[in-house]
Amino acid sequence: MPVLKSFIADQWVGEVPAKALPSAINGEIVAHTHDDILDFKNTIEYGRKVGGKNLMAMDFQERALALKAMAMYLQEHKKELYALSMHTGSSKADNGIDIDGGFGTMFSYASMGRRELPSGNVVHEGPVTPLGKNNHFAGTHILVPRGGVAVHIDAYNFPVWGMLEKFAPTFLAGMPSIVKPATSTCYVTELAVRLMQESGALPEGSLQLIIGSTGDLFDHLEEQDVVTFTGSAATARKLRNHPNIINRSIPFNAEADSLNSAILAPDVTPEHEEFDIFVKEVSREMTAKAGQKCTAIRRVLVPKSQVQAVCDKLKERLSKVTVGDPSVEGIRMGALASTDQLEDVKANIQELLKTSELVIGGDSSFKPTGEGTDKGAFIEPHLLLCRNPENGCGAHDIEAFGPVATVIPYDTIEDAVSLCAKGRGSLVTTLTTRDTAIAGKIVPLLAAFHGRLHLLNAEAAKESTGHGSPLPMLKHGGPGRAGGGEELGGIRAVHHYLQRTAIQGTPSMLAAVTREYVRGADLIETEVHPFRRHFEDLQINESLLTHRRTVTEADIVNFGCLSGDHFYMHFDEIAARESQFGKRIAHGYFVLSAAAGLFVYPGEGPVLANYGLDTLRFIEPVAPGDTIRARLSCKRKIDQGRTSPDGHPQGVVVWDVQVQNQHDELVASYDILTLVAKKPD
């Protein structure tokens, strides 16, 4: 059997076999961990010096492209990962969650990085706030790479997604990763890392892999480093309390298993479509990954009047779940990850039975399908019922990390909220209701104890990604028992690995640091219209002050007739006189259009198209007789490597626009985005 290797300092290390890793399907040995001792001090230094240097030689946009390239290579080789992952007990559907879900997360962060992150390695987190009366002194915030390494310790249930959902935003942030997967399924993670290296898109030192123990790794971490952990709450507490983590205030993010719930609201009865949707959701979350998901439903809260109906429906559905070797046709649920895990689940079921009764499961004649499965880590779905939760319910404290859930009755929807809270913080809860008023009332109460809330009805079910599916654009994590951490959540995940710093100074100083135009900064004005410059030639702070235009009665009438906007403030003299403005005013969008007419260069040039409009505000009214002009300034350039339909390279330029009246008062303010061509080769 192969000896798995650690990937340290750009070398695959490991020759001496150590722990044997059996298949969860048939008990045969898949691989061995290695017994070679690793130099963790050198591992961290290599990450900082080599990995950090190589990542910082790239910018956000370039790292996003590399991330996409790695994801594409992994996707091309996913069958290799599928075949190996089968030994962890995963079915084809489970691999869709772990393996395809991992690729999908990488693709999502590559796309988000291209859309939302700037060129360079400084994120300006505005707005700029004037700190002096005459704007000689201002302040803002920036986000910059931390300069350390990120240690990611992952759980056994998602050997691919668990690594990639952490690696993707860390890589975008310019921070090298040191990954430590759980031992029982680390052979799948090792293969994924090998493929990432083979892709040619992984900068040297940006990803290292530890197979086996972390030894004295934590002793060598420093203040600029980060640790993330996914696993049990008990292990999270132990790691979080490591003396070096505490003494150096090293950021530690934990995502722990939690006692997630599904609530059937009292407005839903067996006659409603939502009733069947609820049962299907619970059944699916009990059996996906054989219940080995940190987001799996553990507590099923239903009105007392619906307990029997829910139990009957779930029993009917769960009894049809075929369990066995995932390679056998028709198998819907595979094995637990290991026989050790199987024994742990069985022990926890016995603890739960002290306060509950079995609805289904515990059949002594249970036999999984497939050759050699008698040596595997199989267990059938177990549904329990706690009839009298007011006398104690172990399901609020005990988690059997497998296909196990407990039905718990409640009296009122407020009682359901209280029962949820007994879990002491959860990753996710599903509320199934037809009534928006119930959702509006209950969700704010539930939110205090949860990282995510899944509101389910017949309409949402048509497109719902499910209770247990963390999405790249939404936060994953939860308070209390769930670890108190936060992962994913769109571009926020990248920000977690950057250092936020407040900066103060003159507008020109702030512009130099943020690489963005800041109002009040020194301007660059030339005889060349900015719209005549190619992307490479444009400079931040390059600006144009336009000629003036006096707004007339005819402008307002013509714009109203053209647009169909005959709002009374533009046409009713009496009503307008009685308003807060005391007079008729021009359409805001006329002011916007008139400003464009002032600053747009009419001839052919590098500016290809208007890409969008942001931060639009109408500050002061413009009346007939007022005179306006605009200042157009190059605010930000984003080199996305984007190409136009004819194949010519281009970038995105963000322009700051200020429209002022004859009193130099700001009447409109916004950012306009344009696609600007690069110079031809």
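Among all heavy-atom pairs drawn from Pro326 and Gly89, the shortest one is CG-O, 3.9 Å. Taking all atoms of both residues into account, the shortest heavy-atom contact from Ala458 to Glu274 is N-OE2, 2.9 Å. Counting all heavy atoms, side chain and backbone alike, Gly485 lies closest to Asn253 at CA-OD1, 3.3 Å. Ala296 and Gly291 get closest at one heavy-atom pair: CB-O, 3.9 Å. The nearest pair of heavy atoms linking Leu172 to Phe60 is O-CD2, 3.2 Å. The heavy-atom pair separating Pro159 from Asp98 by the smallest distance is CD-OD2, 3.2 Å.
In summary, the side chains of Gln341 and Tyr156 do present a donor paired with an acceptor at a separation below 3.5 Å, with no hydrogens or angles considered. A donor-acceptor contact closer than 3.5 angstrom links the side chains of Asp415 and Thr412. Ser283 and Lys313 share no donor-acceptor pair across their side chains, judged by distance under 3.5 Å alone. Side-chain contact, Asp435 with Thr433: no donor N or O sits under 3.5 Å from an acceptor N or O. In the model, Asp340 has no side-chain atom that pairs as donor or acceptor with a side-chain atom of Ser338 under 3.5 Å. Checked by atom type, the side-chain pair Ser90/Lys289 shows a donor-acceptor distance below 3.5 Å.
We find the CD1-OG1 distance between Ile297 and Thr406 to be 12.5 Å, quoted to the nearest 0.5 Å. Between the CZ atom of Arg240 and the CD1 atom of Ile245 there is a distance of 10.0 Å, given to the nearest 0.5 Å. Atom SG of Cys386 and atom CD1 of Ile408 lie 6.0 Å apart (nearest 0.5 Å). Between the OG atom of Ser319 and the CD atom of Glu380 there is a distance of 12.0 Å, given to the nearest 0.5 Å.
Residues Leu431 and His454 form no side-chain contact, since every pair of their non-hydrogen atoms from C-beta on lies 4.5 Å or further apart. Residues Thr430 and Ile263 form no side-chain contact, since every pair of their non-hydrogen atoms from C-beta on lies 4.5 Å or further apart. Counting only heavy atoms from C-beta outward, the side chains of Val407 and Leu384 never approach each other to under 4.5 Å. Using a 4.5 Å cut-off on side-chain heavy atoms (C-beta onward), Thr214 and Val151 make no contact. Side chains of Met72 and Phe107 form a contact here, defined as non-hydrogen atoms less than 4.5 Å apart. For the pair Val30/Pro22, no side-chain contact is recorded, criterion being any heavy-atom separation below 4.5 Å from C-beta on. For the pair Thr269/Gln306, a side-chain contact is recorded, criterion being any heavy-atom separation below 4.5 Å from C-beta on. Looking at Leu498 and Arg146, their side chains never come closer than 4.5 Å, going by heavy atoms from C-beta outward.
Glu351 meets the salt bridge (charged side-chain N to carboxylate O under 4.0 Å, His left out) test with Lys354; sequence neighbours excluded.
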Throw together a table of side-chain donor-acceptor distances under 3.5 angstrom for residues 468-483, partners on residues two or more places apart or in other chains.
| unit_1 | atom_1 | unit_2 | atom_2 | d |
| --- | --- | --- | --- | --- |
| Ser469 | OG | Thr465 | O | 3.0 |
| His476 | NE2 | Glu255 | OE1 | 3.1 |
| Arg481 | NH1 | Asp397 | O | 2.9 |

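The environment of Glu414 atom CD is dense: over 12 non-hydrogen atoms of other residues, nucleotides or ligands sit within 6.0 angstrom. The number of heavy atoms from other shown groups lying within 6.0 Å of CD (Glu357) is above 12.
Listed for the Ser177 side chain is no donor-acceptor partner under 3.5 Å among the backbone atoms of Leu207. The backbone N or O of Ser426 sits nowhere less than 3.5 Å from a side-chain atom of Asn260 that would complete a donor-acceptor pair. Without hydrogens or angle criteria, Thr373 side chain to Gly370 main chain gives a donor-acceptor distance under 3.5 Å. Looking only at distances, no side-chain donor or acceptor of Asp225 sits under 3.5 Å from a matching main-chain atom of Leu221. Using modelled atom types, one side-chain atom of Asp267 and one backbone atom of Arg434 make a donor-acceptor pair closer than 3.5 Å. Of the possible donor and acceptor atoms, one in the side chain of Ser464 sits under 3.5 Å from a partner among the backbone N and O of Gly466. His382 places a side-chain N or O within donor-acceptor distance of the main-chain N or O of Gly362, the cut-off being under 3.5 Å.
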- Query: Step by step, would you call Asp257 with Ser232 a side-chain hydrogen bond (donor to acceptor under 3.5 Å, both in side chains)?
  - Reply: CA-CA 6 Å; Asp257 307 328; Ser232 72; 5.9 Å; no
- Task: Go through the steps for Ile491 and Leu117 under the test side-chain contact (heavy atoms from CB on, under 4.5 Å), then give the verdict.
- Result: CA-CA 8 Å; Ile491 214 69; Leu117 292 173; 3.9 Å; yes
- Message: With salt bridge (charged side-chain N to carboxylate O under 4.0 Å, His left out) as the criterion, how do Asp154 and Lys180 come out once you've worked through the C-alpha distance, each side chain's angles and the decisive distance to 0.1 Å?
- Response: CA-CA 6 Å; Asp154 299 321; Lys180 163 60 178 83; over 6 Å; no
- Intermediate values then yes/no, side-chain hydrogen bond (donor to acceptor under 3.5 Å, both in side chains), Ser111 and Lys68: CA-CA 8 Å; Ser111 177; Lys68 181 179 179 180; over 6 Å; no
- Item | Chi angles and distances behind the side-chain contact (heavy atoms from CB on, under 4.5 Å) call for Ile99, Ser85 | CA-CA 9 Å; Ile99 296 172; Ser85 181; 3.9 Å; yes
- Item | Chi angles and distances behind the side-chain contact (heavy atoms from CB on, under 4.5 Å) call for Ser261, Val300 | CA-CA 6 Å; Ser261 303; Val300 185; over 6 Å; no
- I would like to know whether Phe167 and Leu67 meet side-chain contact (heavy atoms from CB on, under 4.5 Å); could you show each step before the answer? CA-CA 10 Å; Phe167 169 77; Leu67 198 61; 3.9 Å; yes
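Relative to the six-membered ring of Tyr82, Lys92 misses at least one condition, a distance below 6.0 Å or an angle of at most 45° to the axis.
Using cut-offs of 30° and 60° for the angle between ring planes, the Phe158 and Trp161 rings count as perpendicular. Ring geometry for Phe218 against His242 counts as perpendicular: the plane angle is over 60°, on a 0 to 90° scale with 30° as the lower cut.
Between Asp100 and Lys78 a salt bridge is recorded (basic side-chain N to carboxylate O distance below 4.0 Å).
Thr429 pairs in a side chain to side chain donor-acceptor pair (under 3.5 Å) with only one of the listed residues (His467, Arg299, His450), which is His450.
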